[in-house]
Protein chains: 2
Amino acid sequence: MTADDDTAAHLPAPGRRDILEAAATAFTRNGYAATTIDDIAREMGATKGRVYHYYRAKADVFLDIVTAGMQELIDGIEPIAGNGGLDPATRLWRMAHHHAGLMMTRNSFQRVAMRAVEMRRLGEAPAQQQALETVIAMRDRYEQIFADVIDEGREAGEFREVDSRLATKPLLGALNWISLWYDPQRGDYNTRQRLADEYADFIVGGLRRSPR
Amino acid sequence: MTADDDTAAHLPAPGRRDILEAAATAFTRNGYAATTIDDIAREMGATKGRVYHYYRAKADVFLDIVTAGMQELIDGIEPIAGNGGLDPATRLWRMAHHHAGLMMTRNSFQRVAMRAVEMRRLGEAPAQQQALETVIAMRDRYEQIFADVIDEGREAGEFREVDSRLATKPLLGALNWISLWYDPQRGDYNTRQRLADEYADFIVGGLRRSPR
DNA sequence: TTGACGACATACCGGCGAGTATGTTCGCCT
DNA sequence: AGGCGAACATACTCGCCGGTATGTCGTCAA
């Protein structure tokens, strides 16, 4: 981090930033295949030329959104997961809380990112196909971070005896689903916090050993 | 319902059955917008003519799949929810278990159904748009069935103090997410049971009042 | 001052795919 | 035995959309 990047270390070039934002909302609204390049341009108050000046294909725009979204997730979670000062249950709670927050505040990006993971093919171009698999790899890394914390919690006796890798499925499923029903228009900071609290409670509760 | 329908009371005409099945797998593979009518036909070993003989538009095929999927869900859950002989926690456990099972065994239909709920528009035709809202209404009814059981469980002191309607979100989110990652090719009956057990445990655990 | 290049807009092309129009082949009823 | 309609297949149309080619306007360096 030198003087002034716009956000993270991973640089979305200044001209591309607007395109990604517009495309994310457009994709969120109508899905990938159904949204036109003209839709994206109109969302920015521009025309096709602008988009194709920065991107060579529609799929490239999509992939940039997805990787940005995944990177946001990873960047947010890693420091929490690695904080050895906290017991695993607390860490998991905060990870879930943060993930839930991103699903709401960064809804358009995250929703597009979620959709990418369920795609098998993106087009005929093998380069794009490989990029998609890179995204899948990021998702796997991300799941593994959760799985590791769950393992720690199980070994510490806080959690039930579960296959940690498998346990991430309902956990992240519940959280990811937020991106599908949450309306980013509605809801202030407080209601978002309350929602994230509720989700984090639910998730940690689901892994805790039974009351008796 | 006269003499012999093929399955439930809600009759998918004999000729349509194959189309729905083929279309469901095609939609699951490539998404709604990206799949061609020819794709669907090829999946059946037929041609466009066959599809358009039974359906007037692509969206109609889609809607039939979705409503069938939703109906499967409702039909399976209602008798469990209404079984007063069981305490709410047990009923909820079985409901979650059954829902999880459907997400696996009827993966293609359910996955398409899930995708429909996240759609805003389906096309320009207002008739289809209204049909989509009918589906949303079915989804709401379905959520309400879960919410009612959660309320009973809360009043009986089995569950935490939660907004029942809101609590269905993480619950069904976790379950619905199965349809996105589960591969119907893999997995026998036993592994599916184990998975559904795990999910049901997780969910009921997430709602139980804390250990202390 | 000019000319070269970045940052777009505009005009255009080509293919694909939803929907339609038109066969063709059966079984069934009379 | 003949014709009639259901159940498809085949052939065709036509608009839309991804991508490209070309034009235009500013800005900055020499």
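Here is how names work: the chains are called A, B, and so on, in the same order as the sequence lines, proteins then strands, and each is numbered from 1.
Defined by atom type and a distance below 3.5 Å, a donor-acceptor pair is present between the side-chain atoms of Q144(A) and D148(A).
A salt bridge does not link D39(A) with R29(A): none of the charged nitrogens is closer than 4.0 Å to a carboxylate oxygen.
Partners of F27(A) under the ring pair (Phe, Tyr, Trp, His ring centres under 6.0 Å) rule, at least two apart in sequence or in another chain, are Y32(A), F62(A). Under the rule for a side-chain contact (heavy atoms from CB on, under 4.5 Å), the partners of A22(A) that lie at least two apart in sequence or sit in another chain are I40(A), E43(A), M44(A). Applying the ring pair (Phe, Tyr, Trp, His ring centres under 6.0 Å) test to H98(B) and every residue at least two apart in sequence or in another chain returns nothing.
Applying the side chain to side chain donor-acceptor pair (under 3.5 Å) definition to pairs two or more places apart or across chains, none involves residues 126-135 of chain A.
Below 30°, between 30° and 60°, or above 60°: for F202(A) and F202(B) the angle between ring planes is above 60°, a perpendicular geometry.
Taking a heavy-atom distance under 4.0 Å as the criterion, the stretch of DNA chain C touched by chain A extends 5' to 3' from dA7(C) to dT10(C).
Atom pair R42(B):CZ and dA9(D):C1' shows a separation of 15 Å (rounding to whole Å applied).
Judged by distance alone, the side chain of R16(B) and the main-chain N or O of Y54(B) form a donor-acceptor pair under 3.5 Å.
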Which letter, B, S or -, goes with each nucleotide of nucleotides 10-28 of chain D from 5' to 3', with contact meaning a protein heavy atom under 4.0 Å? B------SBBB--------
